[in-house]
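Notes to accompany the following structure.
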Amino acid sequence: MLWSKTLIPTTREVPADSEIISHQLMVRAGLIRRISAGVYDWLPLGWKSLMKVNAIIRHHMNAIGAQEIHMPALLPADLWRQTGRYSDYGPLLFKVKDRRNSEMILGPTHEECVTELVRAYITSYRQLPLTLYQIQSKFRDETRPRNGLLRVREFFMKDAYSFHPSLESLTQTYNDMFKAYVNIFAQCGVPAIAVEAESGPIGGDSSHEFICPCDAGEDVIVQAEDGTYCANLERAVPAEAGQKSFADAPAIAPEPFTTVETPHATSIESVCTLLKITPQQMIKTMVYQRVGAPDAPPVVACVRGDHEVNESKLRRLVGPVELADEDAARSKGFAIGYVGPHVANSIGVTLVIDADALMVTGATTGANAPFLHVTNFSFAARIDPQKAGAPIVADIRNVAPGDRSASGSPLKFSKGIELGHVFKLGTKYTDALGAVFADEKQVNHSMIMGCYGIGPGRILVGAIETGHDVDGIIWPMNIAPYEVVITPIKFEGNVATAATELYEKLKALGVDVLLDDRDQRPGVKFKDADLIGIPLRVVVGDKGLSAGQLELKMRSKKEPSLIALDGAAELLADMVKTLRAIK
RNA sequence: CGGGGCGUGGCGCAGCCUGGCUAGCGCGCUUGACUGGGGGUCAAGAGGUCGCAGGUUCAAAUCCUGUCGCCCCGACCA
C-alpha cells in the first residue's frame, strides 16, 4: 500500500479523552476513532491488525475442528426470557423495539442463539460433539465504558460453543481449546497467562481466564511465587481456609464484654486509630440485600478487619446479593458504620462468617448502636445459634498480601487484561431451551456445553500495553498492520525508483508492505513510522544508493544496520518469515 | 447510579471568575519560496452560529436555568 493512498491520520498531540497508553497510541497512530462513549470506528491500520488477529484465531479454531458460523446481533427477547437471562443481565442488555412493538435485544453473547440452533438440528449422540464459533460484534450497555477498547459497548468477540454427550467429551474439547488459546496468544505475540477463574455451575477446575499482565488491566490476578498457583482474585483461595463450621469457633472465656464510645468512627481505620488496636483484632460486618428483593431477610457477612469481603464468593454461597442501601438498612435497624455480628441475634438475617474471622477472640466490632463499638467479642460467646439461625462459615474474603498458596509459597498480586475465557457451562442453556439428544438406548439427555471467548480488540490493547516505547507502538510481526515500511528520504528520482522497485518486489514475495511516498520531510516520516510501529523499516536514501546500500531498522531495536540493495527484497522477505514464526 | 471535571475551527488549549473593540494561540490544512536523515524556516491564506435551548442585560463564549454529550474516580461488569 502507498501511504498517500490510505488513511493514516496520525497526531502529535495526545487526545484529551484518553488515559491509558494503548488508548492514546491507538488514537495517535490512527487505528481507531471514538464516535460515542465506548463506540469506535476502526480505521485502515487498526482494522488490518484486527483482521490479522482474527485470522490467527480462525486458524486455531479450525485446527481443533470448530466450525465458523454467523449469528444475528439482533435477537428476539423471548429467547432470553426462556433462560432467565433477560432479567439476569439487567440494564447491561441493549433493548430495542421493532415497528410491531416486539422486543428485541442486541446480543451481548450468543449462548441462547446457538443453543436454539443446535436444538433444531442435533438429536442424536451420533452427531456429538459439535463445536461452533463466531467472530462478530457484541453489544453491552456498560455503565461506564472506558479506557479505549478495554471496556466498550460494541465490540468484537470470538465466541465458541461446544456441545457434548458427556463430561469426558466436554473435558476433551475444553483441553483442546485451552491449548488452542495458548497457541493463539503466542502467535499474536501478546503475553497471556492462564489463571483459574470463576468456575460456574460444574465447579472444580473448569474455568480459566487468559490474562495479559499489565497495569492498565482491570482484573487482579494472584500468583504463587513458586509458580504453583495462579488465579483471579475473585476466585483465589487462601491456603489456610480449611473446612470449618460454627462449632469450631474458639470457646475462650471472654474478658468483660464492654461497650466503648467511638463517635464518628465508622471505618476500621478510624476505630483502630481511636482505640489503638490493629485491624486484625477487629471484625468487619457488612450488610447485603438480595438483588431484586430488598425486603427479603438481609445477608450479614463478617470478615476480619484487615480483610475484604469477596462478593463473588458470597454470592456463590447465598445467591445474588448486593451491598445494602444504607438508608434502607438503617430503617430495618442496622446501625450502618457500627454493625456487629451479634445483630443476627435480634434481626432475622443470614449470617455468613469468614473462616478467619471466626477464629478471632477478644475482637472489637460494632455495637449495633450509633457511635458505639464493643470489645472482647467472640463468636462462640456472643452469637446465639438459636436466635441467629445456623451461621454459615466459609471462605468469603479476598486473599491478601501475606497469604500463602497451598504449597506454602507467598502470593503476589498483579493487574491484567482479560483476553479470553474458557468455561465449562454444563446444561444451564440446554436445560432451559430443551436441547436434548438421544443416547444409544434412546434416552434423552440435555447436551453439556462449554463456551470459549476471546476479545480480539483486547489482544491489540494488550499487545500495545506490553509493546511500546516513547515513540509509539512496537507491533509483534504477526499482528502488525504492515510488516515492512519503506521510508524514502525524498520521494524523487533514483530514490523513488529504487524504493518503488523494492516495494513491488516485496509485494510479489508476499510481504505486507507500506511505502511512504508522501512529500514529507524525513523527520516526519520517521516519527510516523515509529508511531505506527511497523516491525521493519527500510530507509532508501541517495547516499546509501550510491554505495549500493539500504538501511534496515527493526522497530524493537535501537540501532539500524546496512544491507545490500542487491537481494534486499529476498533478505527482507526471509526476515519477515522468520519473525512470523517466532512464537 | 453517587462524586469530580470538561464541551471554544480537524486536534490540543487560552479567554469565562470581574459581561463590552474584529474570539485568540499552538499543531494540522492550503498556496508560494527556501529547505531536505528525526515532526524545518519565511510569507500569504482558508477554516469557528463558543454543545443545544431558554432567560437576564443596551450588550452574553463569559451570568442564570434547563438539556444533551464526553472524560476521570467509585459502584457495576457473561
Side-chain angles (χ1 to χ4, degrees), chain A residues 7 9-20 23-24 27-28 30 33-39 80 83-86 88-93 107-112 138-148 150-153 155 157 159 161 197-201 207 209 217-219 232 234 291 311-312 315 320-327 418 420-423 425 428-429 449-455 470-472 487-493 495 516 518-531 537-545 550-551 553 558 560:
Chain A
L7 175 66
T10 59
T11 66
R12 196 191 309 222
E13 313 242 21
V14 176
D17 61 0
S18 64
E19 201 72 11
I20 65 171
H23 185 198
Q24 295 174 351
V27 174
R28 284 191 55 212
R33 174 181 164 79
R34 188 181 62 71
I35 187 163
S36 165
V39 182
W80 279 61
T83 60
R85 284 214 295 178
Y86 185 83
D88 289 352
Y89 235 93
L92 204 54
L93 203 55
T109 175
H110 281 79
E111 281 83 1
E112 280 83 355
K138 310 254 173 168
F139 299 84
R140 291 179 195 178
D141 194 0
E142 293 284 352
T143 46
R144 194 181 146 213
R146 64 182 129 179
N147 286 335
L150 207 49
R151 187 155 296 277
V152 280
R153 298 195 292 176
F155 57 102
M157 184 180 255
D159 243 341
Y161 306 97
E198 268 306 301
S199 58
S207 171
E209 286 172 350
E218 297 176 343
D219 286 79
N232 192 302
E234 278 185 359
V291 173
E311 292 187 12
S312 305
R315 287 192 195 108
V321 290
E322 62 195 353
L323 207 52
D325 176 77
E326 287 197 18
D327 292 336
E418 180 186 352
H421 197 164
V422 291
F423 199 87
L425 262 183
K428 171 175 175 170
Y429 298 97
M449 282 180 77
C451 68
Y452 319 90
I454 290 183
V470 289
D471 293 313
T487 307
I489 290 301
K490 191 177 183 182
F491 199 65
E492 273 181 21
V495 174
D516 195 347
R518 295 175 298 170
D519 180 22
Q520 286 285 357
R521 296 176 59 87
V524 174
K525 298 187 192 180
F526 290 144
K527 285 287 184 193
D528 274 346
D530 284 347
L531 181 58
R537 186 188 74 192
V538 181
V539 178
V540 186
D542 266 329
K543 281 177 254 171
L545 279 186
L550 299 172
E551 177 189 295
K553 184 176 171 301
K558 217 163 172 57

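Naming: A, B, ... by sequence-line order, numbering from 1 per chain. Computed from a prediction, not measured in an experiment: that's the story for all the values here.
Remark: A:R85 pairs with A:E111, A:E112, A:Y429 by the side-chain hydrogen bond (donor to acceptor under 3.5 Å, both in side chains) rule, at least two apart or across chains. For A:E218, the side-chain hydrogen bond (donor to acceptor under 3.5 Å, both in side chains) partners at least two apart in sequence or on another chain are A:R151. For the side-chain hydrogen bond (donor to acceptor under 3.5 Å, both in side chains) test, residues two or more places apart in sequence or in another chain that qualify with A:S36 are A:R153. Remark: A:D17 engages A:R34 in a salt bridge (Lys or Arg N to Asp or Glu O under 4.0 Å) (not counting sequence neighbours).
Using the Watson-Crick or G-U wobble rule with both distances under 3.5 Å, B:A59 pairs with nothing in any strand shown. For B:U65, the paired base is B:A53 (Watson-Crick or G-U wobble, both distances below 3.5 Å). A 3.5 Å limit on both hydrogen-bonding distances identifies B:G45 as the Watson-Crick or G-U partner of B:C29. Under the Watson-Crick and G-U wobble criteria, each requiring two contacts below 3.5 Å, nucleotide B:C70 is paired to B:G5. The partner of B:G38, taking Watson-Crick or G-U wobble pairs whose two distances both stay under 3.5 Å, does not exist in any strand shown. Pairing partner, B:A14: none, since no Watson-Crick or wobble contact has both distances short of 3.5 Å.
Straight-line distance between the P atoms of B:U8 and B:C50: roughly 11 Å, to the nearest whole Å. Only the P atoms considered, B:G5 is 42 Å distant from B:G45, to the nearest whole Å. Comparing the C1' positions of B:U31 and B:G19 gives a spacing of 40 Å, expressed to the nearest Å. B:C52 sits 35 Å from B:C42 when the P atoms are compared, rounded to a whole Å. Distance noted for atom C1' between B:U57 and B:G20: 12 Å (whole Å). B:A44 and B:G36 are spaced 23 Å apart, taking the C1' atom of each and rounding to whole Å. Between the C1' atoms of B:G28 and B:G48, the separation comes to 16 Å (whole Å). Rounded to the nearest Å, the gap between the C1' atom of B:G26 and that of B:G9 is 13 Å.
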- Note on the structure: Letter by letter from the 5' end, nucleotides 36-48 of chain B scores (B base, S sugar-phosphate only, - none; protein heavy atoms under 4.0 Å) BBBBB--------

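Annotation for A:H110 and A:Y161: closest pair N-OH, 2.9 Å, computed over non-hydrogen atoms. Shown here for A:N232 and A:E209, the closest heavy-atom pair between the two residues is ND2-OE1, 2.6 Å. Annotation for A:G541 and A:V495: closest pair C-CG2, 3.9 Å, computed over non-hydrogen atoms. For the pair A:E13 and A:R28, the tightest heavy-atom approach, listed with the atom from each and the gap, is O-CG, 3.6 Å.
In this structure, A:L7 places its CG atom where more than 12 heavy-atom neighbours from other residues, nucleotides or ligands lie under 6.0 Å away. Within 6.0 Å of atom CG in A:D542, 12 or fewer heavy atoms from other residues, nucleotides or ligands are found, so the atom counts as exposed in its surroundings.
For the pair A:E218 CD and B:C73 C1', the interatomic distance rounds to 13 Å; values are reported in whole Å. Here B:A14 presents its C1' atom at 14 Å from CD of A:E13, a figure rounded to the nearest Å. In this entry the distance linking CD1 of A:I20 with P of B:C73 reads 10 Å, nearest Å.
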Every protein N/O lying under 3.5 Å from an N/O of nucleotides 68-72 of chain B:
{"from": "B:C70", "atom 1": "OP1", "to": "A:S36", "atom 2": "OG", "distance (Å)": "3.1"}
{"from": "B:C70", "atom 1": "OP1", "to": "A:A37", "atom 2": "N", "distance (Å)": "2.8"}

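Residue contacts shown for A:T109 are absent, as no nucleic acid heavy atom lies under 4.0 Å away. Contact annotation for A:E418: no contact, since no heavy-atom pair falls under 4.0 Å across all strands.
Toward the 5′ end of RNA chain B lies the nearest nucleotide of A:V14, the other residue of the pair A:V14 and A:R315 mapping further downstream.
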